[in-house]
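To start, the structure itself, in structure tokens.
Here the structure is a predicted model, which means the values were calculated and not measured. Sequence lines set the chain letters: A, B, ... in the order given, protein chains first and strands last, and positions in each chain run from 1.
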Protein chains: 2
Amino acid sequence: MSVRQPSLLALPECANCPIRHRAVCARCEDDELKRLEEIKYYRSWQAGQTVVFVGDEMDFAATIVKGCATLTKYLEDGRTQMVGLMMPSDFIGRPGKPQAQFEVVAATDLMLCMYRRTPFEKLMQEIPHLSQRMLEMSLDELDAAREWMVLLGRKTAREKVASLLTSLFRRARLDAETEIRADLPLTREAMASYLGLTIETVSRQITGLRKDGLITLNGSRGIATPDFAALCRVAEKAA
Amino acid sequence: MSVRQPSLLALPECANCPIRHRAVCARCEDDELKRLEEIKYYRSWQAGQTVVFVGDEMDFAATIVKGCATLTKYLEDGRTQMVGLMMPSDFIGRPGKPQAQFEVVAATDLMLCMYRRTPFEKLMQEIPHLSQRMLEMSLDELDAAREWMVLLGRKTAREKVASLLTSLFRRARLDAETEIRADLPLTREAMASYLGLTIETVSRQITGLRKDGLITLNGSRGIATPDFAALCRVAEKAA
DNA sequence: CGATATCTTGAGGGCGATCAAACGAAGTGG
DNA sequence: CCACTTCGTTTGATCGCCCTCAAGATATCG
């Protein structure tokens, strides 16, 4: 892969932003949005590039505009565990702790709407609509993390893979209710990291699900399901 | 165990509260504290009693004053995974989602400082000190959940048990730096639920750590370590 | 002291990891 | 255009950690 510098882009208006109503700025009034607009800038990365390294001073907070980013933690001997899979409108950053606790990597081509840290934290103090939305989003992340813990701690390999696929299907069908296909934004390696498995086991389980007629493949990234409900049943949704 | 009704207790003053400076009310001014005091009440449970069942309408939020509570999620076939281990000053409740997503159980005898839900959510709107602290605590919970995900997804049984013990030691030495002993607030079953293991494996690993001289036991609940640093090394702390 | 949880220990098996190799797609250069 | 590399994926063979099932030991409490 050719390594290109992250590029700074022009500044579209917030009013036209595709994730305006779901991001951290969702509740902001027009005048509040203007203040955010003053400290924001856009930046893009190619799939595979690292956005933040562990321990880096994070001098920004950001919203994903396009693409998909992963948050990954490491053990000393190199074992890795993904701890966040962030999609458009999701927030990246940790007000109060500028040291990055995990690596942020662009899983696909990625565009972030970034806010300089200090001014952003100041705005959080001054704009309740901002901190309120921030709290909502943190609590949602926490709920997701807890669901994820059940997957990691108690589900079988097959259930894990089925759970990930259903979750990706759910996020992929952007208002296209009928579409039960998706292009995976993750490599097998990223899926393994998400699931607490090895690449080989992920591959075997995907093959198994295909042989059982629960999914169909189209290349290694394209995937679809003829029976979404059945796939959900395999995923053993929490009671 | 004799089942006794949870008891309602008298209302001590917030000013004398042992966890006043660490709980959700930590940043409140005196006048703000008074408003909280108006909607609060105390309630106690015995070890083993369930505080909230999955799906229950939670008409309160609460702070743990004394004791220890667990948050547990279930799969349909009965598999369980603990997703929260809450200690004094920790917050229990989910503003915005009154339906309980998990079961809350008193791991030890437990006392909660409880706030009625609707008035509490109103105060969160009106007292920035409250919602700000709430955000801080949620982000800390999220950090802890992500560390926990690494444990569940990638650590070996031995590392898992060592990690839990070091974490409990850390929380137990309440300003008593020199004390490297603790009474476990958890049964083997609760430990297994925390770690994504079976009771038997937990027991075997504890025996193993004892035989290796990393810990000493005193009954099944009392535990100490002659070399905390060594135990941490076994726990394979994340880089 | 007996009744009942809780915890420990043992034997055996299965699921997922590990090690290894083949396969396919995309890109490079002769 | 075709060898050749590179990288991601698939498939196979074997191993070992942890689960399962079972029994025994210990603690707790009436």
- Using a strict 4.0 Å threshold on nitrogen-to-oxygen distance, state whether A/R146 and B/E141 make a salt bridge.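 Between B/E141 and A/R146 there is a salt bridge, with a charged N closer than 4.0 Å to a carboxylate O.
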- Item | Nucleic acid contacts - residues 201-216 of chain B versus DNA chain D, non-hydrogen atoms under 4.0 Å |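 Contacts with DNA chain D under 4.0 Å: B/T201, B/R204.
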- Task: Look at the side chain of B/D90 and the backbone N and O of B/M87, then say whether any donor-acceptor pair between them is shorter than 3.5 Å.
- Result: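 Checking the backbone N and O of B/M87 against the side chain of B/D90, a donor-acceptor pair under 3.5 Å is found.
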- Hey, does the side chain of B/T225 reach the backbone of B/L214 with a donor-acceptor pair shorter than 3.5 angstrom?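 Such a contact is found between B/T225 side chain and B/L214 backbone.
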- side-chain hydrogen bond (donor to acceptor under 3.5 Å, both in side chains) involving A/D77 - partner list, sequence neighbours excluded: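 Only A/R79 meet the side-chain hydrogen bond (donor to acceptor under 3.5 Å, both in side chains) criterion with A/D77.
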- Message: Run the side-chain hydrogen bond (donor to acceptor under 3.5 Å, both in side chains) test against B/T198 and tell me which residues pass, sequence neighbours left out.
- Response: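 Partners of B/T198 under the side-chain hydrogen bond (donor to acceptor under 3.5 Å, both in side chains) test: B/T201.
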- Query: Which residues satisfy the side-chain contact (heavy atoms from CB on, under 4.5 Å) test with A/T72, sequence neighbours excluded?
  - Reply: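 Residues passing side-chain contact (heavy atoms from CB on, under 4.5 Å) with A/T72: A/T70, A/Y74, A/T80, A/M82, A/S193.
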- Query: In terms of ring plane angle, is the pair A/W148 and A/Y194 parallel, tilted or perpendicular, where the classes change at 30° and 60°?
  - Reply: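 Parallel, since the angle between the ring planes stays under 30°.
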- Take A/R154 and A/I199, find for each the nucleotide of DNA chain D with the closest heavy atom, and name the residue whose nucleotide sits nearer the 5' end.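 So the residue in question is A/I199.
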- May I ask you to say what A/T187 touches in the nucleic acid, namely base, sugar-phosphate or nothing, with a heavy-atom cut-off under 4.0 Å?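 It contacts sugar-phosphate atoms only.
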Point-to-point distance, once rounded to the nearest 0.5 Å, from [atom1] of [X] to [atom2] of [Y]:
{"X": "A/Q205", "Y": "A/T207", "atom1": "CD", "atom2": "OG1", "answer": "9.0 Å"}
{"X": "B/Q99", "Y": "B/E57", "atom1": "CD", "atom2": "CD", "answer": "5.0 Å"}
{"X": "B/I64", "Y": "B/L110", "atom1": "CD1", "atom2": "CG", "answer": "5.5 Å"}

- Boundaries of the DNA chain D segment in contact with chain A, non-hydrogen, under 4.0 Å: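 Taking any atom under 4.0 Å from a heavy atom of chain A, the span is D/dT9 to D/dA13.
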- Message: At a heavy-atom distance below 4.0 Å, which nucleotide of DNA chain C is the first touched by chain B, and which is the last?
- Response: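 It runs C/dC7 to C/dA11.
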